[in-house]
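Written below as structure tokens is the structure these notes are about.
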Amino acid sequence: MKLFGSNGVRGVANEEFTLELASSLAASAGNLMGKEIGVGRDGRTTSPMFRDAIVSALLSIGCNVHDFGLVTTPGLQFMVREKGLNGGVMITASHNPPQFNGVKMIYHDGVEVPKPLEAEIEALVAKGGPPRCEWNEVGSVYHHDYIDTYTDSVISHVDIEAIKKAGLSVALDLGNGAAVFTAPVVASKLGCKLYTINSEIDGSFPGRGSEPTPDNLVDLKELIKATGSDLGIGYDGDGDRSIIIDENSNAVWGDKSLSLVAQEFMKTHPGETLVTAISSSPSIEKVVAKYGGKVHWTKVGSVLVSRAMVENGYRIGGEENGGIMYGPHLEVRDGSMVLALMLHYIATRKRPLSELIAEQPNLFKDKDKTPCPNHLKEEVLERLVTKVDAPEISTMDGVKLVYGDGSWILFRPSGTEPIFRLYAESVSEERVRELIDSHKAIVKEVVDELSAA
Ligand code: MG
């Protein structure tokens, strides 16, 4: 039984993602990972309920629980590695709508568990979970604070004095999520003047929903204008993903922020390898090649990028959706680390963010999505391959069509939602739109055909 999507297990709380499932998943993961397990939760309405089920399940098999309370996913990931725990269970549905919840399983190295271990956890859940322990062998619960340990590590990777001296202002849209506890602390420790919105935990995500996008951060853009801030960042519900807005209130697309991070990292670490997924712009290869660096391409999914970094010892990675993995801190997406890095670049290069971004390759890219029921995804993909044509077709992940003029389009089923995602890049905005519209129509047609059958 497949429970894990591209990042953890998610579903509508008490319907698809039940207490029984959460309990069985936690007991199985604890059984396979070891005795000392970290637990954290995001600010969702149902997260305390799932926390209690998960803690009980872990205790019942003899695990000791290290409870970090309300925490971002990267915060828990860091603490699992920092404290030398055997693993962690993060209760979150990331950027999904408020009715969802789920878990992300963390391995002892701080990164989400490897795919083979996911499969072992699923198999154990299918068998009814591990045996419970004797009454006198149940585990204990320990509560830990994490904010200072975690934020001190984040800022240890940047030039604290230079940032303080630059006297920067930062505007943050915390999205009513777990980043409330970390990102403002990072900004304050770096001596920034701080402005925040949606800065109270609220599981109904009343501000702008739990998923930040370049288009929905309208209030953040206004806040930057009103305060003259040097940088704005919007966070998702569990604080791993972040969308950057420059001092002119323009959204910085993920490919460009990744390109900036890659450029600055390679300057001081020439010849290293950057890891990213095939949905990212190929222009990143030119950026790193300038410093003798290479790109290691993976299938789409932050866990696959993180795991490729750990397995090969690569220290920098990212995704086109705003995820940056800064290995010297931890090989996972971390929105607070992104905040510190952007402040570091602005302060040490002594130039506004918009100018640093303007140095990056200019490209037109867009993405879109179209509904597709989960059970039809594979069949849709098979039929799609027969309906499209291009000089170069890659099926490493979904279907990627590459044309002679450097344009490309990728369509692939989402691992977390009942949709197909489309990504396209080209030399002009019009050509990108045309690529997306025409292929979206093909996907829709195939979905309709198969739904009717
Ligand atoms: Mg997330």
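Computed from a predicted structure; not experimentally measured. Atoms within a ligand are numbered from 1 in the order they appear, just like the ligands themselves.
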Of all N/O/S atoms in [X], which lies nearest to the Mg ion (ligand 1)?
X      : result
Asp238 : OD1
Asp240 : OD1
Asp236 : OD2

Problem set entry | Phe420: partners by ring pair (Phe, Tyr, Trp, His ring centres under 6.0 Å), with sequence neighbours left out | none
For this session: Ignoring hydrogens and angles, tell me if any N or O in the side chain of Ser249 forms a donor-acceptor pair with the backbone of Lys221 under 3.5 Å.
Result: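 Present.
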For this session: Tell me, with the steps shown, if Asp246 and Ser354 meet side chain to side chain donor-acceptor pair (under 3.5 Å).
Result: CA-CA 6 Å; Asp246 74 14; Ser354 62; 4.7 Å; no
Problem set entry | the Mg ion (ligand 1) to nearest N/O/S of Asn7 less than 2.8 Å |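 Looking at Asn7, which is the residue asked about, there is no N, O or S atom under 2.8 Å from the Mg ion (ligand 1).
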For this session: Report the relative orientation of the aromatic rings in His329 and Phe78; use parallel for angles under 30°, tilted for 30 to 60°, perpendicular for over 60°.
Result: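 If you compare the ring of His329 with that of Phe78, the planes turn out parallel.
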